Each structure stands twice: as C-alpha cells, then as structure tokens.
Amino acid sequence: MEVYLVGGAVRDELLGLPVRERDWVVVGSSVEEMLALGYRRVGKDFPVFLHPQTGEEYALARTERKKGRGYYGFEVHASPDVSLEDDLLRRDLTINAMAKSQSGELIDPNDGQQDLAARTLRHVSAAFVEDPLRILRTARFAARFARQGFGVSEETMQLMHRMIRSRELQEISAERIWQETLDALATDSPAVFFSILQRLQAIEQVYGEIEAVFSDVSAREPALSALEQVASQTDQPCVRFSVLVGSLYFHRQEEDTLEVSHLARQPGLPSSCRELLELTVELQQASHDVFKLDAQALLALLRRLDARRKPERFLDLLLIFSVIYKSLKKANEYPQADWIQLASRRIEEVDIRQWVGDGGASEEIAARLKRAQLQLLEEMMDARGSP
Ligand code: ATP
Ligand code: MG
C-alpha cells in the first residue's frame with residue numbers, strides 16, 4: 001500500500017500557512033488490511049480510519065457516485081484498484097485536490113498549484129454538483145483565504161448558482177449548516193461567506209426568513225461591515241453572528257424579530273448561541289437608549305442581562321451592543337456599556353439576607369428587593385442628571 005498526504009495540509013504548506021491537521025489517503029489497501037495493521041475504523045459510510053499512534057485520519061482511496069437526493073445518498077466505492085488520481089477527482093476544489101507522496105513528490109492532476117498561484121477557488125469536476133455541502137465549503141474557504149487574495153472562479157459561481165436554483169441546499173441538515181456557518185464565522189473574513197451566499201441567492205434556503213431583511217441592501221451592507229468590525233475584536237463565532245443579525249434588525253420593529261427566533265431555534269445551533277442571538281435582538285434597543293429609560297425599565301433590562309449569574313454572557317452582550325451601535329451610528333464611544341455595568345454592580349449591593357429573618361413570604365422579600373434596587377437606580381440617575 002502507498003500513503004499520501006492530501007487536502008488541507010498540502011494546500012496550507014504550499015501557501016506557507018501553518019498546517020492545522022493532516023489527512024492521508026491510502027492506495028492499494030483494504031478495510032481488512034487497515035484493521036489488521038491496527039487502524040481504528042471511524043467512518044460509518046466512508047472507509048476512514050484513525051492511525052493507532054498519531055490519531056490522524058487515513059482514508060482508503062475511493063470514488064463516489066450520487067445515487068439519490070440527500071447528503072447520504074452516495075454510493076462509495078473503495079477497493080485496492082482505485083487510484084490516487086481517481087480519489088483526487090472526487091474532491092471539491094482544485095487547491096484541495098493535491099497529494100504529496102512520502103518521498104515528497106507533489107501529485108497534482110487537477111492543476112491545483114496553478115489555481116493556488118492565481119488565488120482561485122475552482123471546482124475539480126462537474127461531479128461537484130453531487131454534494132450541495134460543497135457550496136458552503138467553498139464560501140467558507142473564500143472567507144478563510146480572502147486575506148490571502150483568494151476568490152471563487154466565475155465558472156464555479158455559475159455552477160453553484162445552478163445548484164441553488166434547483167434548491168439543492170435544502171438537502172443539507174440544519175446541523176451541517178450550522179457546523180459550516182460557525183466554522184465560517186471563525187475565519188478571518190466572515191463577511192465574505194455571507195456575501196457569497198447572498199450573491200448566489202442562497203440565504204433563504206440556508207437561513208430562512210431572515211432573507212427578507214438580508215436582501216435589503218440598506219440593511220445588509222452596514223450589517224456586513226459591523227461583522228467585519230467585530231471580527232477584529234473577538235474570534236467567538238456566536239458573538240460575531242449576533243452582531244451580524246442584531247445589525248440587520250437594528251431598525252426593525254419588534255414583530256420582525258420573530259424571524260430571528262425561528263432562526264435561533266434551528267436545530268444544530270448551540271444553545272449558548274441561541275441565547276446570545278435572542279437576547280441581542282430583544283435587548284439591543286433598550287441598551288442603546290439606556291440613558292432615556294426610567295428606573296423600572298432599567299431594572300428590567302439589568303435583570304434580563306443577569307450579570308450576576310451569567311457574567312461572561314453579560315460582557316459578550318455589551319460587546320455586541322457596542323459594536324453594533326458604533327458601527328451603525330458611526331460613533332466612537334458607547335458610554336451605555338459603562339453605565340449598564342455600573343448600574344448592574346449597584347443593584348447587587350442590596351443584600352436580601354437582611355430580610356430573611358423577618359419571616360416574610362418570598363414574594364414579600366422579592367418586592368422589598370425590587371423597591372430597594374429601584375431606589376438605588378433612581379439615586380444613580382439623579383446623580384448623573386445633576387451637573
Ligand atoms: P482544513 O484545514 O479545514 O482541515 P481541509 O481542506 O483539510 O481543510 P477537510 O474538511 O479536512 O478540509 O477535508 C479534507 C479534504 O477532503 C479536503 O481538502 C477535500 O479534498 C476533501 N473533502 C472534504 N469534504 C469534501 C466534500 N464535501 N466534497 C468533496 N471533497 C471534500
Ligand atoms: Mg483537513
């Protein structure tokens with residue numbers, strides 16, 4: 001059997017980028033032989049194994065043929081007679097379809113090096129259409145390598161557009177969509193991912209009703225630039241995504257935010273992400289207007305923000321509100337965040353233990369707590385109001 005390094009490791013090495021993980025392809029072997037050599041099988045549908053020592057992925061060279069709709073509708077053919085070239089031909093992009101032998105020779109039958117030099121993401125063959133996930137992968141690679149100057153080739157854009165017109169993206173499960181989306185959000189240029197999906201008219205098939213707002217250029221452009229802004233401040237995908245969606249809905253009425261709730265409830269979106277997204281659209285207006293709120297409304301906001309029990313989420317939300325506001329209002333500062341933090345600390349000063357011994361019911365204690373907190377907030381607001 002022969003073993004070749006393939007995919008991302010070959011590409012990243014040629015680009016002079018650090019290699020994150022190594023994938024290998026094995027030619028001239030079989031499932032039985034791999035198991036006998038101590039490899040552990042991990043792929044249910046694909047003949048993929050983990051190396052007993054390094055844990056790296058080794059896949060038998062294979063060909064695939066689409067046999068039905070849906071992501072799992074593949075007929076996989078792996079046998080010792082499948083060549084390296086056959087295997088490379090089933091891959092998504094030419095820059096991902098190069099291999100390196102153990103003696104260091106580069107095998108590049110699909111001109112990946114040429115596309116690498118031209119900074120082009122190009123599909124390997126017409127079989128690209130067999131897997132709609134490749135659309136999301138291509139948009140994700142464009143986001144990942146935008147800084148290196150990569151773009152998607154015109155032919156590949158046209159091919160993907162045709163796939164989207166035949167509604168192929170609906171075959172992908174919500175879990176896969178979110179996995180790709182979160183990976184794309186973590187790249188250097190996440191806005192590129194969404195711009196490409198927009199150009200392909202794919203937003204509705206992937207993210208549902210938010211398409212209506214997204215297709216409005218006066219909402220989209222500022223939202224994508226807010227996303228770029230936040231990407232320079234944090235690499236957390238869910239914070240980045242909340243900035244994008246919060247910005248899209250910045251000027252919208254409350255009833256529109258139902259669309260965001262549907263989005264947030266798609267399976268596959270981690271619950272911490274869902275919370276951040278929902279709280280962003282629910283609370284951003286109150287946060288931006290915090291100096292105009294009365295004590296009741298301020299207390300309601302602080303309680304929803306729940307700094308005491310969720311300190312990290314609280315700081316994430318303040319960052320989200322601040323980036324959205326500064327980016328959309330072209331402001332340099334967001335003093336609202338400092339004020340909210342101050343007020344938040346202030347209401348924590350009330351210690352309910354002072355009333356616990358009085359034998360009152362819990363509702364009574366809650367009412368006393370609220371009165372005391374409102375009073376503290378009113379004092380703060382008065383002090384702020386006077387010169
Ligand atoms: P990364 O650095 O993110 O790991 P990668 O290119 O190695 O990037 P992987 O998802 O690890 O991406 O996949 C390894 C290789 O397998 C890819 O380079 C590509 O050749 C091939 N591949 C992965 N998924 C697909 C797919 N859906 N369709 C076609 N080829 C794919
Ligand atoms: Mg890889």
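Everything numeric in this text was worked out from a predicted model, so none of it was measured. Whatever order the structure lists them in is the order used to number ligands and atoms, beginning at 1.
The local environment of CD in E349 is crowded, with over 12 non-hydrogen atoms from other residues, nucleotides or ligands closer than 6.0 Å. Remark: E56 CD is packed, more than 12 non-hydrogen atoms of other residues, nucleotides or ligands lying under 6.0 Å away. For NZ of K326, the number of neighbouring non-hydrogen atoms (other residues, nucleotides, ligands) closer than 6.0 Å is greater than 12. Atom CZ of R41 has more than 12 neighbouring heavy atoms from other residues, nucleotides or ligands inside a 6.0 Å radius.
Residue R20 approaches ligand 1 through these ligand atoms, each under 4.0 Å from one of its heavy atoms: 3 (O). Each of the atoms 29 (C) of ligand 1 lies under 4.0 Å from some heavy atom of R90. Close approach to E21 involves these atoms of ligand 1, each under 4.0 Å from a residue heavy atom: 4 (O), 11 (O). Of all atoms in ligand 1, numbered sequentially from 1 with element shown, those under 4.0 Å from a heavy atom of G8 are 5 (P), 6 (O), 7 (O), 18 (O). Within ligand 1, the atoms closer than 4.0 Å to a non-hydrogen atom of G7 are 18 (O), numbered from 1 in the order shown.
E57 pairs by the side-chain contact (heavy atoms from CB on, under 4.5 Å) definition with D23, V48, L50, not counting sequence neighbours.
V6 belongs to a hydrophobic cluster with Y4, V25, V27, L84, L88, I107, counting contacts under 4.5 Å between side-chain heavy atoms of Ile, Leu, Val, Met, Phe, Trp and Tyr, direct or through other members.
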Using residues 189-204 as the side-chain source, report each donor-acceptor pair under 3.5 Å to any protein atom, sequence neighbours left out, with the distance given to one decimal.
unit_1, atom_1, unit_2, atom_2, d
S195, OG, A191, O, 3.0
Q201, OE1, H161, NE2, 2.8
E204, OE1, R167, NH2, 3.3

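With a heavy-atom cut-off of 4.0 Å, R176 does not touch ligand 1 at all. Contacts between D23 and ligand 1, counted as non-hydrogen atom pairs separated by less than 4.0 Å, involve the side chain only. At a 4.0 Å heavy-atom cut-off, ligand 1 touches D131 through the side chain alone. The proximity of F141 to ligand 1, defined as any non-hydrogen pair under 4.0 Å, is limited to the side chain.
A cation-pi arrangement is present between R384 and F291, with the terminal nitrogen or guanidinium carbon under 6.0 Å from the aromatic centre and inside a 45° cone about the axis.
The side-chain hydrogen bond (donor to acceptor under 3.5 Å, both in side chains) test with S287 singles out one residue from Y325, W339, Y334, and that residue is Y334.
Around the Mg ion (ligand 2), the protein N, O or S atoms found under 2.8 Å comprise E21 OE2, D23 OD2.
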| Hey, mind stepping through Y58 and F49 against ring-ring contact (aromatic ring centres under 6.0 Å, His included) and telling me if it holds? | CA-CA 5 Å; Y58 286 69; F49 303 82; 9.1 Å; no
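Within the structure, the closest approach of E57 to ligand 1 does not fall below 4.0 Å when heavy atoms are considered.
Atom CG of L369 is separated from atom OG of S362 by 12.0 Å, given to the nearest 0.5 angstrom.
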